[in-house]
2 protein chains.
Amino acid sequence: MTDTRPLRADAARNRRLLLAAAADEFAARGLDASVADIARRAGVGKGTVFRHFATKDELIAAILIDRMAALSDLGEALREADDAGAALREFLTAAAMQRQERDLSFLAAASEAMPDVDRARGRMMTAIERLVERAREHGAVRADVTGADVFLLMCAPNYIAGYVPDASPDLWRRYLALILDGLRPEGASPLPEAAPELG
Amino acid sequence: MTDTRPLRADAARNRRLLLAAAADEFAARGLDASVADIARRAGVGKGTVFRHFATKDELIAAILIDRMAALSDLGEALREADDAGAALREFLTAAAMQRQERDLSFLAAASEAMPDVDRARGRMMTAIERLVERAREHGAVRADVTGADVFLLMCAPNYIAGYVPDASPDLWRRYLALILDGLRPEGASPLPEAAPELG
DNA sequence: CACTAACCGGACCGCACGGTCAACTTGCTA
DNA sequence: TAGCAAGTTGACCGTGCGGTCCGGTTAGTG
(Lines give C-alpha, C1' and ligand atoms only; values in the text may rest on other atoms or scores of the structure.)
Protein backbone atom coordinates (compact mmCIF):
# COMPACT_ATOMS: atom_id res chain seq x y z
CA MET A 1 0.00 0.00 0.00
CA THR A 2 2.47 2.64 1.16
CA ASP A 3 5.27 1.08 -0.90
CA THR A 4 4.62 1.78 -4.57
CA ARG A 5 7.97 1.04 -6.18
CA PRO A 6 7.31 -0.29 -9.70
CA LEU A 7 7.74 -4.00 -10.33
CA ARG A 8 10.71 -5.28 -12.24
CA ALA A 9 9.86 -6.06 -15.88
CA ASP A 10 9.90 -9.86 -15.49
CA ALA A 11 7.93 -9.67 -12.27
CA ALA A 12 5.22 -7.58 -13.88
CA ARG A 13 5.05 -10.01 -16.78
CA ASN A 14 4.76 -12.99 -14.44
CA ARG A 15 2.05 -11.29 -12.45
CA ARG A 16 -0.01 -10.82 -15.60
CA LEU A 17 0.60 -14.40 -16.68
CA LEU A 18 -0.43 -15.64 -13.26
CA LEU A 19 -3.66 -13.69 -13.15
CA ALA A 20 -4.61 -14.94 -16.60
CA ALA A 21 -3.67 -18.53 -15.83
CA ALA A 22 -5.55 -18.44 -12.55
CA ALA A 23 -8.67 -17.04 -14.21
CA ASP A 24 -8.56 -19.82 -16.80
CA GLU A 25 -7.91 -22.54 -14.26
CA PHE A 26 -10.64 -21.33 -11.90
CA ALA A 27 -13.08 -21.12 -14.78
CA ALA A 28 -12.26 -24.65 -15.83
CA ARG A 29 -12.03 -26.40 -12.49
CA GLY A 30 -13.64 -24.09 -9.99
CA LEU A 31 -12.02 -22.45 -7.00
CA ASP A 32 -10.46 -25.78 -5.96
CA ALA A 33 -7.97 -25.61 -8.80
CA SER A 34 -4.57 -26.13 -7.21
CA VAL A 35 -1.94 -23.43 -6.97
CA ALA A 36 0.56 -25.85 -8.52
CA ASP A 37 -1.61 -26.23 -11.62
CA ILE A 38 -2.02 -22.50 -11.93
CA ALA A 39 1.74 -22.03 -11.70
CA ARG A 40 2.33 -24.70 -14.33
CA ARG A 41 -0.19 -23.12 -16.69
CA ALA A 42 1.54 -19.78 -16.25
CA GLY A 43 4.92 -21.41 -16.95
CA VAL A 44 6.25 -20.37 -13.56
CA GLY A 45 7.40 -21.98 -10.32
CA LYS A 46 4.99 -22.43 -7.44
CA GLY A 47 7.06 -20.18 -5.23
CA THR A 48 6.50 -17.31 -7.63
CA VAL A 49 2.79 -17.47 -7.06
CA PHE A 50 3.27 -16.88 -3.35
CA ARG A 51 5.75 -14.09 -3.95
CA HIS A 52 2.99 -12.15 -5.75
CA PHE A 53 0.04 -13.26 -3.65
CA ALA A 54 0.69 -14.13 -0.01
CA THR A 55 -2.15 -16.60 -0.05
CA LYS A 56 -4.36 -18.42 -2.51
CA ASP A 57 -7.26 -16.36 -1.23
CA GLU A 58 -5.40 -13.18 -2.09
CA LEU A 59 -5.00 -14.41 -5.65
CA ILE A 60 -8.71 -15.09 -5.88
CA ALA A 61 -9.39 -11.70 -4.35
CA ALA A 62 -7.19 -9.95 -6.92
CA ILE A 63 -9.13 -11.51 -9.78
CA LEU A 64 -12.48 -10.72 -8.21
CA ILE A 65 -11.46 -7.14 -7.50
CA ASP A 66 -10.40 -6.63 -11.13
CA ARG A 67 -13.68 -7.97 -12.41
CA MET A 68 -15.82 -6.06 -9.98
CA ALA A 69 -13.94 -2.86 -10.84
CA ALA A 70 -14.58 -3.40 -14.56
CA LEU A 71 -18.27 -3.97 -13.90
CA SER A 72 -18.38 -0.89 -11.69
CA ASP A 73 -16.89 1.17 -14.51
CA LEU A 74 -19.48 -0.16 -16.91
CA GLY A 75 -22.31 0.37 -14.45
CA GLU A 76 -21.29 3.97 -13.82
CA ALA A 77 -20.95 4.65 -17.54
CA LEU A 78 -24.42 3.24 -18.16
CA ARG A 79 -26.00 5.74 -15.75
CA GLU A 80 -26.23 8.17 -18.67
CA ALA A 81 -27.84 5.67 -21.05
CA ASP A 82 -31.14 6.66 -22.65
CA ASP A 83 -32.87 3.34 -22.17
CA ALA A 84 -32.64 2.34 -18.51
CA GLY A 85 -33.97 -1.14 -19.16
CA ALA A 86 -31.45 -1.79 -21.91
CA ALA A 87 -28.70 -0.47 -19.64
CA LEU A 88 -29.53 -3.04 -16.97
CA ARG A 89 -29.67 -5.78 -19.59
CA GLU A 90 -26.30 -4.74 -20.93
CA PHE A 91 -24.81 -4.73 -17.48
CA LEU A 92 -26.05 -8.22 -16.67
CA THR A 93 -24.85 -9.50 -20.02
CA ALA A 94 -21.39 -8.12 -19.37
CA ALA A 95 -21.39 -9.63 -15.89
CA ALA A 96 -22.21 -13.06 -17.28
CA MET A 97 -19.75 -12.68 -20.12
CA GLN A 98 -16.73 -12.54 -17.86
CA ARG A 99 -16.78 -16.11 -16.68
CA GLN A 100 -17.83 -15.65 -13.09
CA GLU A 101 -16.72 -18.10 -10.49
CA ARG A 102 -19.48 -20.39 -9.40
CA ASP A 103 -18.61 -20.15 -5.75
CA LEU A 104 -19.59 -16.75 -4.50
CA SER A 105 -19.39 -17.83 -0.89
CA PHE A 106 -15.79 -16.70 -1.07
CA LEU A 107 -17.01 -13.15 -1.57
CA ALA A 108 -19.01 -13.15 1.62
CA ALA A 109 -16.22 -14.78 3.60
CA ALA A 110 -13.49 -12.54 2.21
CA SER A 111 -15.41 -9.33 2.63
CA GLU A 112 -15.07 -9.49 6.38
CA ALA A 113 -11.34 -10.05 6.40
CA MET A 114 -10.20 -8.22 3.27
CA PRO A 115 -11.08 -4.54 3.07
CA ASP A 116 -10.08 -4.31 -0.61
CA VAL A 117 -12.63 -6.90 -1.58
CA ASP A 118 -15.24 -5.25 0.54
CA ARG A 119 -14.60 -1.87 -1.02
CA ALA A 120 -14.78 -3.22 -4.58
CA ARG A 121 -17.97 -5.05 -3.77
CA GLY A 122 -19.47 -1.95 -2.20
CA ARG A 123 -18.70 0.13 -5.26
CA MET A 124 -20.25 -2.44 -7.55
CA MET A 125 -23.31 -2.73 -5.31
CA THR A 126 -24.02 0.97 -5.47
CA ALA A 127 -23.56 0.95 -9.25
CA ILE A 128 -26.07 -1.87 -9.49
CA GLU A 129 -28.47 -0.14 -7.13
CA ARG A 130 -28.42 2.99 -9.27
CA LEU A 131 -29.10 0.99 -12.43
CA VAL A 132 -31.97 -0.89 -10.84
CA GLU A 133 -33.48 2.23 -9.36
CA ARG A 134 -33.40 4.00 -12.66
CA ALA A 135 -34.83 1.03 -14.53
CA ARG A 136 -37.60 0.83 -11.95
CA GLU A 137 -38.47 4.50 -12.37
CA HIS A 138 -38.70 3.98 -16.11
CA GLY A 139 -41.01 1.02 -15.61
CA ALA A 140 -38.45 -1.36 -17.11
CA VAL A 141 -38.28 -3.68 -14.12
CA ARG A 142 -40.82 -4.72 -11.52
CA ALA A 143 -41.17 -2.49 -8.47
CA ASP A 144 -40.36 -5.09 -5.83
CA VAL A 145 -36.92 -6.06 -7.07
CA THR A 146 -33.83 -4.54 -5.42
CA GLY A 147 -30.17 -4.06 -6.17
CA ALA A 148 -29.31 -6.88 -3.83
CA ASP A 149 -31.59 -9.18 -5.79
CA VAL A 150 -29.87 -8.28 -9.04
CA PHE A 151 -26.47 -8.73 -7.45
CA LEU A 152 -27.41 -12.24 -6.39
CA LEU A 153 -28.98 -13.07 -9.74
CA MET A 154 -25.91 -11.86 -11.60
CA CYS A 155 -24.05 -15.16 -11.49
CA ALA A 156 -27.05 -17.44 -11.80
CA PRO A 157 -26.96 -17.81 -15.61
CA ASN A 158 -23.42 -19.14 -15.51
CA TYR A 159 -24.24 -21.36 -12.58
CA ILE A 160 -27.22 -22.87 -14.36
CA ALA A 161 -25.49 -23.35 -17.69
CA GLY A 162 -22.34 -24.61 -15.99
CA TYR A 163 -23.88 -27.96 -15.16
CA VAL A 164 -24.60 -28.95 -18.71
CA PRO A 165 -21.66 -31.16 -19.78
CA ASP A 166 -20.54 -30.03 -23.33
CA ALA A 167 -22.90 -27.05 -23.36
CA SER A 168 -22.78 -24.38 -26.02
CA PRO A 169 -20.48 -21.67 -24.62
CA ASP A 170 -23.35 -19.20 -24.99
CA LEU A 171 -25.96 -21.26 -23.18
CA TRP A 172 -25.91 -18.79 -20.31
CA ARG A 173 -27.69 -16.33 -22.61
CA ARG A 174 -30.75 -18.53 -22.52
CA TYR A 175 -31.00 -18.42 -18.74
CA LEU A 176 -30.11 -14.76 -18.56
CA ALA A 177 -33.03 -14.09 -20.91
CA LEU A 178 -35.29 -16.16 -18.70
CA ILE A 179 -34.23 -14.27 -15.61
CA LEU A 180 -34.63 -10.94 -17.35
CA ASP A 181 -38.16 -11.96 -18.28
CA GLY A 182 -38.73 -12.67 -14.60
CA LEU A 183 -37.70 -9.11 -13.82
CA ARG A 184 -40.22 -7.46 -16.17
CA PRO A 185 -43.05 -5.62 -14.48
CA GLU A 186 -46.05 -6.70 -16.58
CA GLY A 187 -48.17 -9.27 -14.76
CA ALA A 188 -45.64 -9.92 -12.04
CA SER A 189 -46.95 -11.61 -8.93
CA PRO A 190 -45.60 -9.92 -5.78
CA LEU A 191 -42.40 -11.48 -4.42
CA PRO A 192 -42.61 -13.29 -1.08
CA GLU A 193 -39.96 -12.77 1.62
CA ALA A 194 -38.20 -9.46 2.15
CA ALA A 195 -35.24 -8.65 -0.08
CA PRO A 196 -31.95 -9.47 1.68
CA GLU A 197 -29.60 -6.85 3.04
CA LEU A 198 -26.06 -7.31 1.76
CA GLY A 199 -22.87 -6.05 3.31
CA MET B 1 -28.06 -56.14 -5.64
CA THR B 2 -28.52 -59.93 -5.73
CA ASP B 3 -28.01 -60.26 -1.96
CA THR B 4 -31.06 -58.91 -0.14
CA ARG B 5 -30.64 -60.34 3.33
CA PRO B 6 -32.10 -57.86 5.83
CA LEU B 7 -29.70 -55.72 7.83
CA ARG B 8 -29.09 -56.39 11.47
CA ALA B 9 -31.07 -54.03 13.72
CA ASP B 10 -28.08 -51.92 14.78
CA ALA B 11 -26.79 -51.75 11.25
CA ALA B 12 -30.11 -50.50 9.92
CA ARG B 13 -30.26 -47.89 12.66
CA ASN B 14 -26.76 -46.68 11.90
CA ARG B 15 -27.50 -46.49 8.20
CA ARG B 16 -30.46 -44.23 8.88
CA LEU B 17 -28.44 -42.10 11.28
CA LEU B 18 -25.68 -41.79 8.71
CA LEU B 19 -27.95 -40.70 5.87
CA ALA B 20 -29.54 -38.07 8.09
CA ALA B 21 -26.22 -36.83 9.42
CA ALA B 22 -24.74 -36.68 5.94
CA ALA B 23 -27.70 -34.74 4.60
CA ASP B 24 -27.35 -32.22 7.43
CA GLU B 25 -23.62 -31.90 7.06
CA PHE B 26 -23.76 -31.52 3.28
CA ALA B 27 -26.46 -28.90 3.62
CA ALA B 28 -24.39 -26.97 6.12
CA ARG B 29 -20.93 -27.23 4.59
CA GLY B 30 -21.47 -28.38 1.03
CA LEU B 31 -20.23 -31.56 -0.56
CA ASP B 32 -16.74 -31.01 0.88
CA ALA B 33 -17.95 -31.90 4.36
CA SER B 34 -15.57 -34.57 5.61
CA VAL B 35 -16.58 -38.16 6.18
CA ALA B 36 -15.10 -37.93 9.68
CA ASP B 37 -17.45 -35.06 10.56
CA ILE B 38 -20.43 -36.93 9.20
CA ALA B 39 -19.49 -39.97 11.26
CA ARG B 40 -19.10 -37.83 14.38
CA ARG B 41 -22.48 -36.20 13.85
CA ALA B 42 -24.06 -39.61 13.47
CA GLY B 43 -22.34 -40.79 16.67
CA VAL B 44 -20.55 -43.54 14.82
CA GLY B 45 -17.00 -44.51 13.87
CA LYS B 46 -15.56 -43.53 10.53
CA GLY B 47 -15.13 -47.16 9.56
CA THR B 48 -18.87 -47.66 9.86
CA VAL B 49 -19.47 -45.10 7.15
CA PHE B 50 -17.38 -47.10 4.71
CA ARG B 51 -19.03 -50.37 5.73
CA HIS B 52 -22.36 -48.97 4.52
CA PHE B 53 -21.09 -46.93 1.59
CA ALA B 54 -17.97 -48.11 -0.20
CA THR B 55 -17.08 -44.58 -1.11
CA LYS B 56 -18.01 -41.03 -0.18
CA ASP B 57 -19.49 -40.66 -3.66
CA GLU B 58 -21.76 -43.62 -2.99
CA LEU B 59 -23.04 -41.93 0.14
CA ILE B 60 -23.79 -38.78 -1.82
CA ALA B 61 -25.42 -40.87 -4.51
CA ALA B 62 -27.65 -42.62 -1.96
CA ILE B 63 -28.94 -39.28 -0.69
CA LEU B 64 -29.47 -37.91 -4.17
CA ILE B 65 -31.28 -41.04 -5.29
CA ASP B 66 -33.64 -40.84 -2.32
CA ARG B 67 -34.47 -37.24 -3.05
CA MET B 68 -34.90 -37.73 -6.75
CA ALA B 69 -37.18 -40.69 -6.11
CA ALA B 70 -39.34 -38.62 -3.77
CA LEU B 71 -39.59 -35.87 -6.37
CA SER B 72 -40.40 -38.42 -9.06
CA ASP B 73 -43.24 -39.75 -6.91
CA LEU B 74 -44.58 -36.25 -6.43
CA GLY B 75 -44.22 -35.42 -10.10
CA GLU B 76 -46.07 -38.54 -11.15
CA ALA B 77 -48.84 -37.90 -8.62
CA LEU B 78 -49.23 -34.36 -9.93
CA ARG B 79 -49.94 -35.58 -13.45
CA GLU B 80 -53.60 -35.86 -12.46
CA ALA B 81 -53.81 -32.39 -10.98
CA ASP B 82 -56.49 -30.06 -12.31
CA ASP B 83 -54.33 -26.97 -12.58
CA ALA B 84 -51.22 -27.82 -14.59
CA GLY B 85 -49.53 -24.53 -13.76
CA ALA B 86 -50.09 -24.97 -10.05
CA ALA B 87 -48.78 -28.52 -10.32
CA LEU B 88 -45.50 -27.31 -11.78
CA ARG B 89 -45.24 -24.63 -9.09
CA GLU B 90 -45.87 -27.19 -6.39
CA PHE B 91 -43.23 -29.49 -7.82
CA LEU B 92 -40.58 -26.77 -7.94
CA THR B 93 -41.46 -25.66 -4.43
CA ALA B 94 -41.02 -29.20 -3.15
CA ALA B 95 -37.72 -29.50 -5.01
CA ALA B 96 -36.40 -26.36 -3.37
CA MET B 97 -37.75 -27.35 0.02
CA GLN B 98 -35.54 -30.38 0.35
CA ARG B 99 -32.28 -28.58 0.76
CA GLN B 100 -30.61 -29.38 -2.53
CA GLU B 101 -26.88 -29.61 -2.74
CA ARG B 102 -25.34 -26.64 -4.42
CA ASP B 103 -22.96 -28.70 -6.47
CA LEU B 104 -24.87 -30.50 -9.16
CA SER B 105 -21.73 -31.26 -11.11
CA PHE B 106 -21.61 -34.45 -9.08
CA LEU B 107 -24.82 -35.56 -10.77
CA ALA B 108 -23.36 -35.25 -14.24
CA ALA B 109 -20.12 -36.95 -13.24
CA ALA B 110 -21.83 -39.75 -11.33
CA SER B 111 -24.42 -40.48 -13.97
CA GLU B 112 -21.82 -41.93 -16.27
CA ALA B 113 -20.30 -44.25 -13.69
CA MET B 114 -23.27 -45.08 -11.47
CA PRO B 115 -26.27 -46.60 -13.19
CA ASP B 116 -28.49 -46.17 -10.11
CA VAL B 117 -28.00 -42.44 -10.17
CA ASP B 118 -28.59 -42.33 -13.88
CA ARG B 119 -31.81 -44.28 -13.59
CA ALA B 120 -33.16 -42.08 -10.80
CA ARG B 121 -32.28 -38.99 -12.75
CA GLY B 122 -33.91 -40.36 -15.87
CA ARG B 123 -37.12 -41.08 -14.02
CA MET B 124 -37.20 -37.60 -12.53
CA MET B 125 -36.47 -36.03 -15.90
CA THR B 126 -39.43 -37.71 -17.56
CA ALA B 127 -41.68 -36.71 -14.67
CA ILE B 128 -40.55 -33.12 -15.12
CA GLU B 129 -40.98 -33.29 -18.86
CA ARG B 130 -44.56 -34.47 -18.46
CA LEU B 131 -45.35 -31.65 -16.03
CA VAL B 132 -43.83 -29.03 -18.29
CA GLU B 133 -45.55 -30.35 -21.37
CA ARG B 134 -48.92 -30.34 -19.68
CA ALA B 135 -48.38 -26.85 -18.27
CA ARG B 136 -47.42 -25.66 -21.71
CA GLU B 137 -50.55 -27.13 -23.28
CA HIS B 138 -52.64 -25.34 -20.68
CA GLY B 139 -50.88 -22.08 -21.46
CA ALA B 140 -49.40 -21.91 -17.98
CA VAL B 141 -45.78 -21.67 -19.09
CA ARG B 142 -44.12 -20.15 -22.12
CA ALA B 143 -43.87 -22.32 -25.22
CA ASP B 144 -40.12 -22.25 -25.59
CA VAL B 145 -39.19 -23.69 -22.21
CA THR B 146 -38.33 -27.39 -21.93
CA GLY B 147 -38.08 -30.03 -19.23
CA ALA B 148 -34.32 -29.76 -19.29
CA ASP B 149 -34.61 -26.05 -18.59
CA VAL B 150 -36.81 -26.68 -15.58
CA PHE B 151 -34.48 -29.41 -14.35
CA LEU B 152 -31.59 -26.97 -14.44
CA LEU B 153 -33.57 -24.17 -12.84
CA MET B 154 -34.72 -26.44 -10.04
CA CYS B 155 -31.75 -25.81 -7.78
CA ALA B 156 -31.19 -22.17 -8.67
CA PRO B 157 -33.33 -20.67 -5.87
CA ASN B 158 -31.30 -22.43 -3.21
CA TYR B 159 -28.08 -21.53 -4.96
CA ILE B 160 -29.01 -17.86 -5.11
CA ALA B 161 -30.28 -17.64 -1.56
CA GLY B 162 -27.39 -19.72 -0.26
CA TYR B 163 -24.93 -16.88 -0.62
CA VAL B 164 -26.68 -14.50 1.69
CA PRO B 165 -24.91 -14.85 5.04
CA ASP B 166 -27.68 -15.11 7.79
CA ALA B 167 -30.50 -15.24 5.29
CA SER B 168 -34.04 -16.04 6.25
CA PRO B 169 -34.43 -19.79 5.79
CA ASP B 170 -37.25 -19.11 3.35
CA LEU B 171 -35.41 -16.63 1.18
CA TRP B 172 -35.34 -19.18 -1.65
CA ARG B 173 -39.07 -18.59 -2.06
CA ARG B 174 -38.32 -15.10 -3.30
CA TYR B 175 -36.07 -16.33 -6.09
CA LEU B 176 -38.31 -19.24 -6.93
CA ALA B 177 -41.14 -16.76 -7.41
CA LEU B 178 -38.91 -14.66 -9.65
CA ILE B 179 -37.98 -17.63 -11.77
CA LEU B 180 -41.59 -18.76 -12.00
CA ASP B 181 -42.48 -15.30 -13.24
CA GLY B 182 -39.80 -15.76 -15.87
CA LEU B 183 -41.55 -18.91 -17.01
CA ARG B 184 -44.95 -17.30 -17.58
CA PRO B 185 -46.02 -16.99 -21.18
CA GLU B 186 -47.50 -13.47 -21.28
CA GLY B 187 -45.15 -11.05 -23.01
CA ALA B 188 -42.18 -13.41 -23.01
CA SER B 189 -39.37 -12.53 -25.40
CA PRO B 190 -38.17 -15.62 -27.28
CA LEU B 191 -35.26 -17.42 -25.63
CA PRO B 192 -31.90 -17.36 -27.41
CA GLU B 193 -29.77 -20.51 -27.77
CA ALA B 194 -31.28 -23.94 -28.16
CA ALA B 195 -32.41 -25.78 -25.04
CA PRO B 196 -29.74 -28.23 -23.85
CA GLU B 197 -30.06 -31.99 -24.23
CA LEU B 198 -29.52 -33.77 -20.93
CA GLY B 199 -28.55 -37.41 -20.43
C1' DC C 1 -26.84 -70.13 26.81
C1' DA C 2 -23.39 -70.58 23.57
C1' DC C 3 -21.82 -69.74 19.14
C1' DT C 4 -20.85 -67.16 15.06
C1' DA C 5 -21.39 -64.16 11.36
C1' DA C 6 -22.26 -59.61 11.00
C1' DC C 7 -20.94 -55.34 12.61
C1' DC C 8 -18.26 -51.60 14.86
C1' DG C 9 -14.41 -48.42 15.73
C1' DG C 10 -10.38 -45.81 15.41
C1' DA C 11 -5.42 -46.18 14.55
C1' DC C 12 -3.27 -46.13 10.38
C1' DC C 13 -1.82 -45.28 5.27
C1' DG C 14 -0.95 -42.63 1.07
C1' DC C 15 -1.81 -38.61 -1.16
C1' DA C 16 -2.59 -33.88 -2.58
C1' DC C 17 -2.93 -29.56 -1.02
C1' DG C 18 -1.40 -24.68 0.69
C1' DG C 19 2.44 -22.58 2.17
C1' DT C 20 7.90 -21.97 3.40
C1' DC C 21 12.68 -21.41 2.49
C1' DA C 22 17.42 -21.08 1.18
C1' DA C 23 20.18 -21.39 -2.86
C1' DC C 24 20.35 -19.53 -7.27
C1' DT C 25 19.44 -16.13 -11.36
C1' DT C 26 18.47 -11.71 -13.40
C1' DG C 27 16.92 -6.99 -14.36
C1' DC C 28 18.25 -2.48 -12.98
C1' DT C 29 21.43 1.34 -11.83
C1' DA C 30 25.55 3.99 -11.01
C1' DT D 1 30.12 -3.53 -16.67
C1' DA D 2 30.08 -4.59 -11.77
C1' DG D 3 27.24 -5.12 -7.80
C1' DC D 4 23.17 -6.01 -5.59
C1' DA D 5 18.41 -5.94 -4.51
C1' DA D 6 14.62 -8.04 -6.51
C1' DG D 7 12.86 -12.03 -8.31
C1' DT D 8 12.68 -17.12 -9.16
C1' DT D 9 12.62 -21.91 -8.13
C1' DG D 10 11.53 -26.64 -6.61
C1' DA D 11 12.46 -29.47 -2.77
C1' DC D 12 10.38 -29.61 1.53
C1' DC D 13 6.89 -29.41 5.57
C1' DG D 14 2.51 -29.91 8.14
C1' DT D 15 -2.22 -30.85 7.65
C1' DG D 16 -6.45 -32.93 6.59
C1' DC D 17 -8.59 -35.80 3.51
C1' DG D 18 -10.66 -40.47 1.63
C1' DG D 19 -10.11 -45.04 2.36
C1' DT D 20 -8.18 -49.62 4.82
C1' DC D 21 -7.89 -53.06 8.32
C1' DC D 22 -8.01 -55.85 12.14
C1' DG D 23 -9.08 -56.68 17.07
C1' DG D 24 -13.01 -56.29 19.79
C1' DT D 25 -18.29 -56.27 20.22
C1' DT D 26 -23.05 -57.61 19.53
C1' DA D 27 -27.41 -59.20 17.52
C1' DG D 28 -29.57 -63.04 16.17
C1' DT D 29 -30.23 -68.40 16.18
C1' DG D 30 -30.52 -73.42 17.69
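Letters A, B, ... are given to chains in the order of the sequence lines, protein chains preceding strands, and every chain is numbered from 1.
First and last contacts of DNA chain C with chain A, using any nucleotide atom under 4.0 Å from a protein heavy atom and ordered 5' to 3', fall at C:dC17 to C:dC28.
Residues passing the side-chain contact (heavy atoms from CB on, under 4.5 Å) test with B:Arg40 are B:Ala36, B:Asp37, sequence neighbours excluded. Applying the side-chain contact (heavy atoms from CB on, under 4.5 Å) criterion to A:Leu176, with sequence neighbours excluded, gives A:Leu92, A:Thr93, A:Pro157, A:Trp172, A:Leu180.
Residue pairs meeting the salt bridge (charged side-chain N to carboxylate O under 4.0 Å, His left out) criterion with at least one partner in residues 71-80 of chain B, sequence neighbours excluded, are B:Asp73-B:Arg123, B:Glu76-B:Arg123. Residues in residues 44-72 of chain A take part in these salt bridge (charged side-chain N to carboxylate O under 4.0 Å, His left out) pairs, two or more places apart or across chains: A:Arg67-A:Glu101. The salt bridge (charged side-chain N to carboxylate O under 4.0 Å, His left out) analysis of residues 81-94 of chain A, with sequence neighbours excluded, yields no pairs. Residue pairs meeting the salt bridge (charged side-chain N to carboxylate O under 4.0 Å, His left out) criterion with at least one member in residues 152-170 of chain A, sequence neighbours excluded, are A:Asp170-A:Arg173.
The number of heavy atoms from other shown groups lying within 6.0 Å of CD (B:Glu186) is above 12.
Distance CD1 (B:Ile38) to P (D:dC17): 11 Å, rounded to an integer number of Å. The CZ atom of A:Phe50 sits 18 Å away from the P atom of D:dC12 (whole-angstrom rounding). Per the geometry, CZ belonging to B:Arg13 stands 17 Å off P belonging to D:dT25, to the nearest Å. A straight line from CG of B:Leu7 to P of D:dT26 spans 19 Å, rounded to a whole angstrom. Atom C1' of nucleotide D:dC17 and atom CD of B:Glu25 are separated by 14 Å, given to the nearest angstrom. The interatomic distance linking B:Asp57 (CG) with D:dC17 (C1') rounds to 13 Å, in whole Å. When rounded to the nearest whole Å, the span between CD1 of B:Ile60 and C1' of D:dG19 equals 14 Å.
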Give me the distances for all protein-to-nucleotides 8-10 of chain D N/O pairs that come in under 3.5 Å?
unit_1: D:dT8; atom_1: OP1; unit_2: A:Asn14; atom_2: ND2; d: 2.2
unit_1: D:dT8; atom_1: OP2; unit_2: A:His52; atom_2: NE2; d: 3.3
unit_1: D:dT9; atom_1: OP2; unit_2: A:Gly45; atom_2: N; d: 2.8
unit_1: D:dT9; atom_1: OP2; unit_2: A:Thr48; atom_2: OG1; d: 2.8

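Here the CD1-CG distance, from A:Ile179 to A:Asp149, works out to 11.5 Å after rounding to the nearest 0.5 Å.
Between B:Ala9 and B:Ala33, the residue anchored nearer the 5' end of DNA chain D, judged by the nucleotide with its closest heavy atom, is B:Ala33.
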Name the atoms and distances for all side-chain donor-acceptor pairs under 3.5 Å in residues 190-199 of chain B, with sequence neighbours left out.
unit_1: B:Glu193; atom_1: OE1; unit_2: A:Ser168; atom_2: OG; d: 3.0

